[in-house]
Amino acid sequence: MIPTAKEAPADAEAPSHKLLVRGGFIRRVTSGVYQYLPLGWRVLSKVSQIVREEMNAAGASEMLMPALAPTELLKETGRAEDYGDLLFRFEDRHGRDCYLGPTHEEVITDMMRQAVSSYKQLPLNLYQIQTKYRDEFRPRAGLLRGREFLMKDAYSFDISLDGLNAAYDKMYQAYVNVFTRCGLDFTVVEAEAGPIGGSASHEFMVNCATGEDTIMVCPSSGYAANVEKCEIGERAEPSGGFFVGEPSGELDEMHTPDCPSIEDVCKFMKVKPKNMLKTVVFKVVKQSEEEEKGYPGDWWVVAVVRGDHDVNLGKVSAISESKLQLADPAEAKAFGFEIGFVSPRAAVGKHQTLMIVDPDAAVGMDAAKGKPMFWATGADKKDHHVKHFNWQRDLGKDPVAANKDSADCFFMTGSIRNAIEGDPSPRAKGVALEAKRGIEVGHIFKLGAKYSSAMGFRVSGEDQQLHDVIMGCYGIGVSRAVAAAVEMSCDDDGIQWPAAIAPYHVLITVMKPGDAKSAEVAQQLAQEISDAGLDVLIDDRDERPGSKFKDADLIGVPMRVTIGEKGLAEGAVEVKLRSDRQSKGSFVAIGEATAKCVEAIEGT
RNA sequence: CGGGGCGUAGCGCAGCUUGGUAGCGCGUUUGACUGGGGGUCAAAAGGUCGCAGGUUCAAAUCCUGUCGCCCCGACCA
């Protein structure tokens, strides 16, 4: 049952999607949901087995949790809300609220709090390999982002932070082992913890130009992080100081109708995005208690970056030491912020407003050209923008002086944007960050006590007191790893599986299926190769040679053994590596073919 | 959730503007030739044209509604 197809389904775009469908590995059942045909299941099983072996070696125990669970569990941690529409939810016949697990922190913590009550039972690490459900806004690219997918999730439980760190390091190493064994080319990057929460996090990214995620790497120090997390090295202060510089011209207001994006505005005004100031308004949801006391009431944070840069909420939050959310346009307007057309001037004179300007935006002089910096920005009224904005002139006071006045701290500079290629590395002086694309196949988190404290999972410690259990969680997208392997290594003709996860190691192609001698040699070779520990598939279909070779290349079995008349006449068969695109393959004596295969597979 | 597009045979598509017998390629089945990179010839099977209404003597085609799917963006592991 290997239904191959000449043409890819019309809805497939990504190479892995097209090739896995064409090669008869998977078929779509509905949006974001796939079935694994025998070939696909073999690959998936091989990846699972590698994961299983490495998890076991790292001291984790396999178990299986249900995909179906009561929503009450998620309500304990507030994630029923946090997940929102991403969660598959429904009522059973009795009207009880249920969900299909997108991940299993609550389910396992519920089990553990019943089963574990003493520090003597810890540490523990439990994992499962199971189907997960996430009702993605937009499933895409076949197995790369599905609504149902296979995932390995592990959870560690420790009594102390030291214990967590040890468990985390062990998992980190296990992940390196897993992806190395799978033959994947990957980079480990620092990551934001995201909605799962916690204190530290790493992502394992398969390096691949078609990847969805952008990662930043420092070629010198080895530092790597995803764009959201990536720090930016110190940016030099202009010689004259931030904000200092003469105006580049008279403030020039323009009518800019129907320009919702920076790009549109730039096109309309004939200005480059890097000469725009982008101003994003946040409302403070929660601030530190100290500030709360000193300045009760609503606070606003105005973030200013260059038009070609993106504001990073995490960084703004960190610098302002408060929890933020994007301002509601109507509410902000009432306070004097015309969202979409806000300029830094809007912050002037407002109380309880903190303006943070990214260093690249806080420039008054264009050092390269040796003349005043030209800035365009919003005009603080609907459908209008201005040219020749100048920090010192247009803020109505000297921003530098304002910044130094501790009593009026509404103005500061800070690194608040996403890193982009060419930014200074945070770990090596004078080195520029490089941007790469990747596919996230693994993610590990230090959760701390987020779930245990929310769900009341405490154990008594040596000191006879109750302690929140310290948790970590560790995920591998098994089905996504399969797709990533294809994205990473394929060509126009098909897939090139790494040997460790190939559905079969050797494909024996019988040129004359009806021929008794050919059949005999095929059977004999298959037995030998199988006895040598390799997986063998025989293609004895009554097809044209061309079709067979095309299919062989498509399904991507690493080693091909061809039994044909030419060779048989001399007691030989032809062996060829899938990765070898040029040569015709070489003839070897039938007796040596097995050794040749073993050598080739072990060598990869 | 915004923008764009698509639902006609297992797969890929045409037909729709201007309503009138359901078409092509691949695949499948049968036979013959052929036999080292998707071969040739001949014959055959296979479709309530996504679904529901409406207009009409007549609807794949026009109108309304609805469902499903894909791509881009936003968002996200």
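Just so we're on the same page: letters track the sequence lines, and every chain starts at 1.
- Residues satisfying the side chain to side chain contact (heavy atoms under 4.5 Å, CB included) test with A:V227, not counting sequence neighbours, are A:T214, A:M216.
- For the pair A:R79 CZ and B:C76 C1', the computed distance is 14 Å after rounding to whole Å.
- The nearest whole Å value for the distance from the CE atom in A:M511 to the P atom in B:U34 is 17 Å.
- The CG-P distance, from A:D542 to B:U34, rounds to 14 Å in whole Å.
- With hydrogens and angles ignored, a donor-acceptor pair closer than 3.5 Å exists between the side chain of A:R145 and the base of B:C76.
- When the P atom is used for both B:A22 and B:C16, the distance is 16 Å, rounded to whole Å.
- Of the nucleotides present, none pairs with B:A60 by Watson-Crick or G-U wobble criteria with both distances under 3.5 Å.
- Base pairing analysis places B:G12 opposite B:C24; the two distances defining the Watson-Crick or G-U wobble pair are each below 3.5 Å.
- Here B:U28 is the nucleotide among B:C76, B:U28, B:G37 with the atom lying nearest to any side-chain atom of A:E543.
- For the P atom pair drawn from B:A52 and B:A14, the interatomic distance equals 24 Å after rounding to whole Å.
- Under the Watson-Crick and G-U wobble criteria, each requiring two contacts below 3.5 Å, nucleotide B:G68 is paired to B:C6.
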Give every pair of a protein N or O atom and an N or O atom of nucleotides 3-12 of chain B that lie under 3.5 Å apart, one pair per line with the distance.
{"from": "B:G12", "atom 1": "OP1", "to": "A:A10", "atom 2": "N", "distance (Å)": "2.9"}
{"from": "B:G12", "atom 1": "O2'", "to": "A:E7", "atom 2": "OE2", "distance (Å)": "3.3"}

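- For A:E565, the CD atom counts as loosely surrounded, since its 6.0 Å shell holds 12 or fewer non-hydrogen atoms of other residues, nucleotides or ligands.
- Ring pair A:F25/A:H17: centre-to-centre distance not below 6.0 Å.
- In this pair, A:Y133 and A:F88 present their aromatic rings perpendicular. The plane angle is above 60°, beyond the 30 to 60° band.
- Spacing between atom NZ of A:K566 and atom P of B:G35 amounts to 12 Å, rounded to whole angstrom units.
- Comparing B:G38, B:C69, B:G35 against the side chain of A:R22 picks out B:G38 as the nearest.
- For the pair A:W497 and A:V557, the minimum side-chain heavy-atom distance is 4.5 Å or more.
- Here A:F204 lies out of heavy-atom contact (under 4.0 Å) with every strand.
- Distance noted for atom P between B:U64 and B:G23: 29 Å (whole Å).
- Summary of the strand contacts: A:A141 and A:G546 both lie near RNA chain B, and taking for each the nucleotide with the nearest heavy atom, the more 5' one is attributed to A:G546.
- For the P atoms, the distance from B:G50 to B:C6 is 13 Å, rounded to whole Å.
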Kindly give the atom pairs (protein nitrogen or oxygen, nucleotide nitrogen or oxygen) under 3.5 Å for nucleotides 39-42 of chain B.
{"from": "B:G39", "atom 1": "N7", "to": "A:R544", "atom 2": "NE", "distance (Å)": "3.0"}
{"from": "B:G39", "atom 1": "N7", "to": "A:R544", "atom 2": "NH1", "distance (Å)": "3.2"}

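- For A:K46, the NZ atom sits in a packed shell: over 12 heavy atoms of surrounding residues, nucleotides or ligands are nearer than 6.0 Å.
- A:D135 comes within 4.0 angstrom of nothing in the nucleic acid, heavy atoms only.
- With P as the reference atom, B:U66 and B:A9 are 25 Å apart, rounded to whole Å.
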(request) Could you walk me through whether A:R417 and A:D310 pass the salt bridge (Lys or Arg N to Asp or Glu O under 4.0 Å) test, one step at a time? (result) CA-CA 5 Å; A:R417 64 171 174 87; A:D310 288 319; over 6 Å; no

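- Side-chain contact annotation: A:T509 with A:D539, donor-acceptor N/O pair under 3.5 Å absent.
- Heavy atoms of A:T509 sit nowhere under 4.0 angstrom from any nucleic acid atom.
- Rounded to a whole Å, the CZ atom of A:R28 is 7 Å from the P atom of B:C69.
- Look at the C1' atom in both B:C62 and B:U18: the space between them is 11 Å, to the nearest Å.
- Judged by Watson-Crick or G-U wobble contacts below 3.5 Å, the nucleotide B:G47 has no partner.
- Spacing between atom CG of A:L554 and atom P of B:G37 amounts to 18 Å, rounded to whole angstrom units.
- Base-pair partner of B:U40: B:A32 (Watson-Crick or G-U wobble, both distances under 3.5 Å).
- Checked against the 6.0 Å centroid criterion, the rings of A:H443 and A:F204 do not qualify as a close aromatic pair.
- For the residue pair A:D153/A:Q130, the side-chain donor-acceptor check at 3.5 Å is not satisfied.
- Distances from the side chain of A:K576 to the nucleotides B:G37, B:C76, B:C70 place B:G37 closest.
- Of all nucleotides listed (B:G38, B:G37, B:A74), B:A74 comes nearest to the side chain of A:R140.
- Residues A:R79 and A:E105 form a side-chain contact, since some pair of their non-hydrogen atoms from C-beta on lies under 4.5 Å apart.
- Residue contacts shown for A:R480 include a base, since a base heavy atom lies under 4.0 Å away.
- Considering only side-chain N and O atoms, A:S31 lies nowhere under 4.0 angstrom from the phosphate OP1 or OP2 of B:G68.
- Rounding to whole angstrom units, CG of residue A:N418 and P of B:C76 are separated by 11 Å.
- In this entry the distance linking CD of A:E136 with P of B:C1 reads 15 Å, nearest Å.
- A:G564 comes within 4.0 angstrom of a nucleotide base, judged by non-hydrogen atoms across all strands.
- Taking the C1' atoms as reference points, B:G15 lies 33 Å from B:G31, given to the whole Å.
- Taking the nucleotide of RNA chain B with the nearest heavy atom to each of A:K550 and A:L86, the more 5' of the two is matched to A:K550.
- Base pairing of B:U18: no nucleotide in any strand meets the Watson-Crick or G-U wobble criterion (both distances under 3.5 Å).
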(message) Set out, in order, the CA-CA distance, both residues' side-chain angles and the distance that settles salt bridge (Lys or Arg N to Asp or Glu O under 4.0 Å) for A:R145 and A:E212, then state yes or no.
(response) CA-CA 10 Å; A:R145 178 178 297 275; A:E212 280 195 293; 3.2 Å; yes

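- Without hydrogens or angle criteria, A:E421 side chain to A:A435 main chain gives a donor-acceptor distance under 3.5 Å.
- For the P atoms, the distance linking B:U56 with B:G4 amounts to 33 Å, nearest Å.
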